[in-house]
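Have a look at the structure below before the remarks.
All values below were derived from every heavy atom in this structure, side-chain atoms included, with hydrogens, water molecules and symmetry-related copies excluded.
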Amino acid sequence: MFMSDKRLLLSCPVIEYLPHTLSEVYTARCRGRELRQSGPARSEEKPEEMAQKNNFQCSIRPYRASDRDSVISLFRFGILEHVYPAFFKAMSHPDHVGIALSFSMAGYVLGGSSYILAFLFGGAWAALVYYCCHEIYDGYLRRKLDMEMADIQANFLDNPVNSFWVAEVEVDGQAKLAGLMAVMGMKCGPMSDMCDGWNGGAVDVASLEGSAGEMFKLVVSFPLRRKGLGTQLTEKAIEFCKEQGLSRLVIETTSSHIAAISMFRKLGFVQTSSHSSTHANRWISKLARISVIRMEKFL
């Protein structure tokens with residue numbers, strides 16, 4: 001009975017085409033790989049083509065006074081949106097996980113096997129970490145709004161080595177502000193005292209000798225991301241720095257901005273330094289575990 005069932009199974013037209021040896025399996029895989037490689041190559045879409053594909057037209061132009069409200073709103077969003085990613089990244093660290101579990105266990109024991117106190121004790125530690133992350137980004141936002149963003153015309157457009165651009169898109173016949181980007185030129189020498197935007201202290205001036213352009217901020221509206229706008233704005237900054245005769249373009253971002261770091265690397269930027277010091281209290285910086293990453297591109 002078993003032999004007849006086996007002959008019946010092998011006579012099935014589907015089983016006849018299955019590979020029965022390892023060599024046949026390897027051959028079938030090689031043939032499949034060749035077919036995939038011989039298929040039509042994917043063409044790299046330019047930002048303009050991507051814009052047309054997504055049914056909107058993008059234009060990058062200098063900042064105008066009438067853009068102020070939209071620019072401030074987008075700038076605020078571009079800073080504070082990193083609070084949650086930074087918080088989740090910090091809480092995933094083994095130290096924070098261990099402390100949160102310890103607090104939960106303490107609440108469980110002190111409350112007489114109370115799950116509510118266990119949750120509250122663990123949540124208290126998570127709330128503290130969130131406060132630290134929010135304080136860092138909110139403090140940075142307040143400082144920039146009081147300084148560079150207080151008078152965009154005077155700080156950027158009236159200075160020939162600085163500039164401020166906005167990306168405007170036309171969606172369904174309506175013009176909308178979709179992004180912003182600014183560059184500040186700086187002349188550095190070995191005895192210069194350059195201030196870092198995050199910690200307000202002196203940075204490694206050896207890496208800044210000569211002339212360089214620093215990207216003040218790059219923000220793209222959330223609904224219009226992954227459509228090439230960030231790349232277009234960065235390329236605009238690179239082109240501007242070349243026209244001004246600057247030797248490099250410097251960018252500072254935080255470790256939670258993973259998408260931006262990946263984009264900058266694709267455009268030729270390399271990481272030159274990293275630190276965890278911010279304008280906030282030292283213990284707040286330690287609890288938030290936010291790293292400031294400095295990237296440069298030689299022009």
Side-chain angles (χ1 to χ4, degrees), residues 47 50-51 54 56-91 129-153 155-157 162-172 174-184 197-198 214-237 251-264 278-280 284 288 290-293 295:
M50 295 176 65
N54 290 278
F56 69 89
Q57 298 295 327
C58 174
S59 63
I60 299 176
R61 59 170 176 80
Y63 166 85
R64 293 196 293 254
S66 58
D67 300 325
R68 176 169 177 78
D69 292 341
S70 298
V71 164
I72 295 299
S73 177
L74 185 59
F75 181 77
R76 186 186 303 274
F77 166 78
I79 300 298
L80 296 181
E81 69 168 335
H82 299 301
V83 174
Y84 279 107
F87 166 68
F88 291 127
K89 184 175 181 180
M91 285 302 300
V129 175
Y130 176 83
Y131 167 79
C132 294
C133 295
H134 185 274
E135 180 63 22
I136 290 178
Y137 285 101
D138 187 61
Y140 175 82
L141 173 63
R142 292 195 304 267
R143 293 177 68 240
K144 293 305 177 182
L145 290 178
D146 292 339
M147 297 172 63
E148 289 90 346
M149 298 294 289
D151 192 344
I152 298 176
Q153 180 68 35
N155 293 327
F156 293 96
L157 300 183
N162 299 347
S163 192
F164 199 109
W165 299 273
V166 296
E168 194 175 57
V169 299
E170 185 176 343
V171 181
D172 298 330
Q174 295 183 352
K176 295 183 179 180
L177 192 69
L180 62 90
M181 185 268 299
V183 172
M184 303 184 71
W198 288 92
E214 181 174 9
M215 185 178 290
F216 171 71
K217 189 61 182 175
L218 171 64
V219 182
V220 176
S221 179
F222 184 80
L224 296 173
R225 291 180 181 175
R226 300 187 181 277
K227 294 178 171 60
L229 294 183
T231 300
Q232 284 184 276
L233 288 168
T234 306
E235 290 176 345
K236 184 70 175 180
I251 296 173
E252 282 191 348
T253 186
T254 54
S255 54
S256 61
H257 206 171
I258 300 176
I261 295 174
S262 176
M263 182 193 69
F264 292 142
T278 66
H279 62 275
I284 291 180
I290 295 175
S291 298
V292 180
I293 297 175
M295 307 182 75

**Request:** Measure the spacing between CZ of F87 and NE2 of H134 and express it to the nearest 0.5 Å.
**Result:** 12.5 Å
**Message:** Please check this pair: side chain of T234 against backbone of G230, looking for a donor-acceptor N/O pair closer than 3.5 Å.
**Reply:** yes
**Separation between CD of E148 and CZ of R143, rounded to the nearest 0.5 Å** = 8.0 Å
**Message:** Can you tell me how far apart CD (E170) and OG (S59) are? Round to the nearest 0.5 Å.
**Reply:** 9.0 Å
**Item:** Minimum heavy-atom distance between A178 and L229, given as atom pair plus value
**Value:** CB-CD1, 3.8 Å
**Message:** Are the side chains of H257 and I293 in contact, using a 4.5 Å heavy-atom criterion?
**Reply:** no
**Asked** Got M149 and V71 here, is their nearest side-chain heavy-atom distance under 4.5 Å?
**Response** yes
**Side chains of R76 and L145 in contact at under 4.5 Å (non-hydrogen atoms)** = yes
**Request:** Could you go through the side-chain contact (heavy atoms from CB on, under 4.5 Å) check for L74 and S221 one step at a time?
**Result:** CA-CA 7 Å; L74 185 59; S221 179; 4.3 Å; yes
**Message:** So which atom in V129 and which in A90 form the shortest heavy-atom distance, rounded to 0.1 Å?
**Reply:** CG1-CB, 3.9 Å
**Message:** Tell me whether N155 contacts the main-chain N or O of M147 through its side chain, where contact means a donor paired with an acceptor under 3.5 Å.
**Reply:** yes
**Residues in side chain to side chain donor-acceptor pair (under 3.5 Å) contact with R68, at least two apart in sequence or another chain** = none
**Request:** Side-chain contact test, heavy atoms from C-beta onward, threshold under 4.5 Å: evaluate it for F88 versus M91 and give yes or no.
**Result:** no
**Request:** Find out whether K217 and I79 are in side-chain contact, i.e. whether some heavy atom of one side chain is under 4.5 Å from a heavy atom of the other.
**Result:** yes
**Fill in**
Residues V169 and L224: closest non-hydrogen pair is CG2-CD1, 3.4 Å
**Asked** If every non-hydrogen atom of T231 is compared with every non-hydrogen atom of M263, which pair is closest and at what distance?
**Response** N-SD, 3.6 Å
**Request:** For side-chain contact (heavy atoms from CB on, under 4.5 Å), just list the numbers for L141 and L80, CA-CA rounded to whole Å, side-chain angles, deciding distance to a tenth of an Å, and then say yes or no.
**Result:** CA-CA 8 Å; L141 173 63; L80 296 181; 3.9 Å; yes
**Request:** Quick one: sort the H82 and Y137 rings into parallel, tilted or perpendicular, breaks at 30° and 60°.
**Result:** tilted
**T253 side, atom OG1; L218 side, atom CG - distance, nearest 0.5 Å** = 9.0 Å
**Prompt:** With sequence neighbours excluded, what pairs up with S163 under the side chain to side chain donor-acceptor pair (under 3.5 Å) test?
**Reply:** none
**Asked** If you take all heavy atoms of W165 and I60, which pair is closest and at what distance?
**Response** CB-CG2, 3.8 Å
**Prompt:** Will you find, in the side chains of Y140 and T254, an N or O donor that is under 3.5 Å from an N or O acceptor?
**Reply:** no
**Closest non-hydrogen atom pair, I284 against Y131** = CD1-CE2, 4.5 Å
**Fill in**
side chain to side chain contact (heavy atoms under 4.5 Å, CB included) test vs D67 passes for just one of V166, L180, I152, namely V166
**Request:** Please round to the nearest 0.5 Å and tell me the distance separating atom CG of L177 and atom OG of S66.
**Result:** 10.0 Å
**Message:** Working to the nearest 0.5 angstrom, can you tell me the gap between F156 CZ and F216 CZ?
**Reply:** 4.5 Å
**Asked** Can you tell if the side chain of I258 reaches within under 4.5 Å of the side chain of K89, non-hydrogen atoms only?
**Response** no
**Prompt:** Has F77 got more than 12 heavy atoms of other residues, nucleotides or ligands less than 6.0 Å from its CZ?
**Reply:** yes
